[in-house]
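Worth knowing before you read on, the calculation uses all heavy atoms, side chains too, and leaves out hydrogens, waters and symmetry mates.
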Amino acid sequence: MFASFSALSARGRGAARLAAGTLVSGLAAAGVLTGAGTAVAYETAPAQGGAVATIGGLKTYGAAVIHGAAGDQQISAGLFEMSVEGGGMLQTYCVDVQTPTQKDAKYHEAPWSSTSLGTNKDAGRIRWILQNSYPQVNDLAALAKKAGVRGQLTEQDAAAGTQVAIWRYSDDVDVDAVDPQAEQLADYLHENARNQSEPRASLSLDPPAVSGRPGQRIGPVTVHTDARSVTISPPADAATSGVRIVDEEGRSVITATDGSQVFFDVPEDAAAGTAQLTAQAATTVPVGRAFASESRSQTQILAGSSESTVSATASVTWAQEGPIPALSARENCAEGGVDVTAANQGDEPFTFELAGLEHTVAPGETRTVTVPLNEDQRYDFTVQGSGGFEKRFTGVLDCRTRTAEIGTTTHALGGPSPTPLAGAPADTNLAATGASDATPWIAGTAIGLVVLGGAGLVITRRGQSPAGD
């Protein structure tokens with residue numbers, strides 16, 4: 001069921017190879033750091049920063065009915081709650097009705113481009129629904145009046161109606177709320193939704209990886225956040241390595257705000273190595289941010305947030321001579337794969353092979369290679385280079401809703417069965433969206449990376465200044 005893949009070893013001085021690794025489950029741990037000049041291993045999923053949370057289950061909900069060719073099926077519809085690592089609570093709706101939630105699944109904040117929302121022309125309408133309904137609008141009497149709801153609108157009705165309206169855009173399904181008040185709200189939200197722009201990450205660092213020569217300020221790394229203040233933590237071994245985090249003038253930095261630029265100040269005599277800084281803040285996560293799970297638990301979209309802990313990391317690589325690579329990765333649902341970006345601030349080309357093709361990044365340039373993957377494909381990249389350099393990227397590509405993959409007439413994928421409506425065929429079944437204790441499920445389509453071949457890569461290249469912009 002699991003898939004693995006490998007690439008040929010690269011040749012020449014400073015070459016890197018993209019090699020197969022043992023597949024892992026869940027979110028990979030962030031940043032394991034050793035001293036400069038020794039072998040360094042980072043193990044990371046290509047998240048772009050923000051909140052990390054564990055799903056707690058469906059908390060406020062009502063009933064809905066999906067109408068399909070196989071019959072009508074009743075499921076739960078409403079708000080989930082998540083607990084944030086480091087403190088905080090989130091409320092979310094789901095955007096993948098036929099994929100069950102997994103108990104205690106861990107989620108990370110993600111851009112729309114790395115989820116099914118990235119290729120959904122109606123994703124902006126979903127954000128409008130979130131901003132104009134429960135729980136963002138918690139005056140239920142006022143919400144009912146504006147939506148033309150006849151009768152009392154309860155929290156359960158409001159949550160169910162909001163979720164139903166979202167599903168109509170996220171999954172393109174024929175779905176209705178069971179309660180009349182919830183259905184009236186769903187119709188109002190669906191008919192009046194307007195496109196809204198994607199919210200930015202609660203906290204991100206751009207770029208997530210930089211490189212350069214020791215004795216110079218390497219960067220900049222720009223902080224993007226809605227938080228009032230961000231704490232910047234230096235590398236774990238800063239006291240012995242001498243690596244500092246500074247501003248453009250060379251002054252030490254321990255806090256930053258939105259738009260701040262920070263640099264790595266590496267001692268001039270430092271042996272080749274790498275290091276990592278961590279940014280952390282407390283803020284409310286913007287409504288409409290996506291939350292993705294590495295275990296194929298259904299994708300969530302944020303409806304509300306308390307003040308929560310958010311974080312992001314950025315790494316630096318340095319050397320006295322030769323190629324000096326900075327590597328990062330990002331899931332790209334528009335292209336159906338993972339973008340692996342290599343920048344080179346050295347004085348010699350940086351070369352690596354991927355899927356039988358050799359790629360060379362000239363000094364001062366950046367190259368992005370898109371590695372195509374099957375839907376639900378687990379991946380594990382390890383990029384290695386001279387001097388003990390290596391960086392690892394793991395995850396699972398989840399770019400399509402289950403409905404888009406298989407339609408609405410399939411059997412349950414796991415977890416408690418919903419209640420078929422009277423008159424529905426007895427053998428129809430659909431996994432309830434509220435099944436937070438559902439049996440963990442990993443799609444059987446991840447049986448091999450058959451698309452990884454010499455002609456299967458999308459490659460872009462651009463020049464890059466030594467500053468690493």
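- Remark: side-chain polar atoms of E331 are not paired, donor with acceptor, to backbone N or O of V338 under 3.5 angstrom.
- S328 and T341 share no donor-acceptor pair across their side chains, judged by distance under 3.5 Å alone.
- For the pair V97/I75, a side-chain contact is recorded, criterion being any heavy-atom separation below 4.5 Å from C-beta on.
- Contact of the E155 side chain with the L140 side chain is registered, since non-hydrogen atoms from C-beta on lie closer than 4.5 Å.
- Using a distance-only test at 3.5 Å, with no hydrogens or angles considered, a donor-acceptor pair links the side chain of T309 to the main chain of G86.
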- Message: Go through it in stages, so that I can follow the logic: the residues are T101 and F80, the test is side chain to side chain contact (heavy atoms under 4.5 Å, CB included), and I'd like the CA-CA distance, side-chain angles, deciding distance and then a yes or no.
- Response: CA-CA 10 Å; T101 54; F80 289 84; 3.6 Å; yes
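- Without hydrogens or angle criteria, S297 side chain to Q102 main chain gives a donor-acceptor distance under 3.5 Å.
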- Kindly indicate, with the supporting measurements, whether the criterion salt bridge (Lys or Arg N to Asp or Glu O under 4.0 Å) is fulfilled by D171 and R402. CA-CA 8 Å; D171 292 70; R402 189 66 174 158; over 6 Å; no
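- Side-chain contact check for D398 versus S116: every heavy-atom pair is 4.5 Å or farther apart.
- Of all non-hydrogen atoms in A64 and V175, the two that sit nearest each other are CB-CG2, 4.1 Å.
- Looking at heavy atoms from C-beta onward, L189 lies in side-chain contact with T162 at the 4.5 angstrom threshold.
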- Evaluate the criterion salt bridge (Lys or Arg N to Asp or Glu O under 4.0 Å) for residue pair K106 and E85; output intermediate values, then yes/no. CA-CA 10 Å; K106 185 174 288 188; E85 289 188 2; 2.8 Å; yes
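- Across R400, Q300, R296, a single residue satisfies side chain to side chain donor-acceptor pair (under 3.5 Å) together with D96, and that is R296.
- For the pair S204 (side chain) and A201 (backbone), a donor-acceptor distance under 3.5 Å is absent.
- Side-chain N/O atoms of S293 and S295 include a donor and acceptor closer than 3.5 Å.
- Between the side chain of S170 and the main chain of I166, a donor-acceptor pair closer than 3.5 Å is present.
- Here D139 does not pair with K145 in a salt bridge; the nearest charged N to carboxylate O distance is not below 4.0 Å.
- With Q280 contributing its side chain and I232 its backbone, the two residues share no donor-acceptor pair below 3.5 Å.
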- Please step through salt bridge (Lys or Arg N to Asp or Glu O under 4.0 Å) for the pair E109 and R289, ending with a clear verdict. CA-CA 7 Å; E109 188 179 336; R289 288 295 289 171; 2.8 Å; yes
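- No side-chain donor from either of T54 and Y107 sits under 3.5 Å from a side-chain acceptor of the other.
- A donor-acceptor pair under 3.5 Å is absent between the side-chain atoms of R127 and the main chain of G288, judged by distance alone.
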- Intermediate values then yes/no, side chain to side chain contact (heavy atoms under 4.5 Å, CB included), E294 and H108: CA-CA 8 Å; E294 302 262 334; H108 62 268; 3.3 Å; yes
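- Here the side chains of V84 and L90 are in contact, with some heavy-atom distance below 4.5 Å.
- Shortest non-hydrogen contact noted between A303 and L130 is CB-CD2, 4.0 Å.
- Annotation: Y169, atom OH; neighbour count of heavy atoms from other residues, nucleotides and ligands within 6.0 Å is above 12.
- Not one N or O on the side chain of D157 forms a donor-acceptor pair closer than 3.5 Å with the backbone of L153.
- The pair E183-R168 counts as a salt bridge, with a side-chain nitrogen and a carboxylate oxygen less than 4.0 angstrom apart.
- Between the side chain of T274 and the backbone N or O of V316, at least one donor-acceptor pair lies under 3.5 Å.
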- Start with the C-alpha gap between T370 and D339, add the side-chain angles, then the distance that decides, and say whether side chain to side chain donor-acceptor pair (under 3.5 Å) holds. CA-CA 4 Å; T370 301; D339 290 342; 2.6 Å; yes
